[in-house]
Protein chains: 2
Amino acid sequence: MTQSLDAVFAALADPTRRAILSMLLEDDMAVTDVAAPFEMSLAAISKHLIVLTSAGLISQEKRGRVKWCKLEPDAMREASVWMQGFGLMDGVDLDAFERFLDQELDS
Amino acid sequence: MTQSLDAVFAALADPTRRAILSMLLEDDMAVTDVAAPFEMSLAAISKHLIVLTSAGLISQEKRGRVKWCKLEPDAMREASVWMQGFGLMDGVDLDAFERFLDQELDS
DNA sequence: GCAAACGTCAACCAATTGGTTGAATATCCA
DNA sequence: TGGATATTCAACCAATTGGTTGACGTTTGC
């Protein structure tokens, strides 16, 4: 469940993948539609989507012949909290912050 | 000045480099001391430090024969803000968050 | 002056990454 | 049934990454 920071940061390190995530912020999309704006092959986009999926940043569900991609932003939370540890939120106990977030997001 | 998201995320994708950043949270350190806890060569650590430096996440200053490494957490800010764009705080009761912060900063 | 400490450089290596193309699979629809 | 659409698979390629070792240049202190 808890995504590895390695996989999440590595997935976010590619501009194409970040652009895909931004597109999915609008709405769920089919693979072909995700690929449309990019000047690379569908197979290349398909690989990027596999990277995003295995990092937990998106999920894919096949309905008929179409595979829908859905953003899973929760996978970013661990990474985001890790970064907050570097003075972006001075003086705050990070573990407590994480517990707070968990509690808030469950409610 | 503004660090590329590519470089920052890629730098953060390696556990050794993240560990180095955490160590530098305590204090500035010499390259040799940074390398000490790791089971890899000094040259390998030196390369990791170059990656961190070119991402802007640390700075290095040579005094005498010792090169000091200093954390530059501001380089994470752009990446952190980018991630916040994905609704990580959605569903969080902002008043509760403020109370949490007050409580944290008092303790 | 010289040996030891600090750190980088250069060459090398295996594994991974990001892309390609062409064939394969699965589904839909006329 | 068969053709078009949606997506992945497999093989390949060049470039990058993360590590090694050994030689090298500086600085320090006896």
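Naming: A, B, ... by sequence-line order, numbering from 1 per chain. Computed over heavy atoms, backbone and side chain alike; hydrogens, waters and symmetry mates excluded.
For the pair B/Ala13 and A/Leu49, both in contact range of DNA chain D, the more 5′-proximal nearest nucleotide belongs to A/Leu49. Summary of the strand contacts: B/Asp33 and A/Val51 both lie near DNA chain C, and taking for each the nucleotide with the nearest heavy atom, the more 5' one is attributed to B/Asp33.
Within residues 40-47 of chain B, the residues that place at least one heavy atom under 4.0 Å from DNA chain D are, in residue-number order, B/Met40, B/Ser41, B/Ala43, B/Ala44, B/Lys47.
In the helix from C/dG1-D/dC30 to C/dA30-D/dT1, the end axes, each obtained as the rotation axis mapping the C1' atoms of four pairs onto the next four within a five-pair block, lie 10° apart to the nearest 10 degrees.
Looking at heavy atoms from C-beta onward, A/Phe86 lies in side-chain contact with B/Ser22 at the 4.5 angstrom threshold. A heavy-atom distance below 4.5 Å is not found between the side chains of A/Leu12 and A/Arg17. Under the 4.5 Å side-chain criterion, counting only non-hydrogen atoms from C-beta, A/Ile20 is in contact with A/His48. Put simply, the side chain of B/Asp33 does not reach to within 4.5 Å of the side chain of B/Met23, judged on heavy atoms. Inter-residue side-chain proximity for B/Asp6 and A/Asp14 is flagged as unmet; no heavy-atom pair is nearer than 4.5 Å. No side-chain heavy atom of A/Met83 sits under 4.5 Å from any side-chain heavy atom of B/Pro73. Between B/Cys69 and B/Leu24 the shortest side-chain heavy-atom distance falls below 4.5 Å. Side-chain atoms of A/Lys62 and A/Trp68, non-hydrogen and from C-beta on, never get closer than 4.5 Å to each other.
Bracketed by its first and final contacts, the part of DNA chain D lying under 4.0 Å from non-hydrogen atoms of chain B reaches from D/dG18 to D/dT28 in 5' to 3' order.
Of all the heavy atoms in A/Gly85 and B/Leu25, the pair that sits closest is O-CD2, 3.7 Å.
For B/Arg65 and C/dA4, the CZ to P distance is 12 Å, given to the nearest whole Å. Taking atom CZ on B/Arg63 and atom P on C/dC6, their separation rounds to 15 Å, with Å as the unit. Distance, B/Leu52 CG to C/dG7 P: 15 Å, rounded to whole Å.
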### Query
Could you walk me through whether A/Leu57 and A/Glu72 pass the side chain to side chain contact (heavy atoms under 4.5 Å, CB included) check?
CA-CA 5 Å; A/Leu57 290 163; A/Glu72 301 286 352; 5.9 Å; no
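Side chain of A/Ser54 to backbone of A/Ile50: a donor-acceptor contact under 3.5 angstrom is found.
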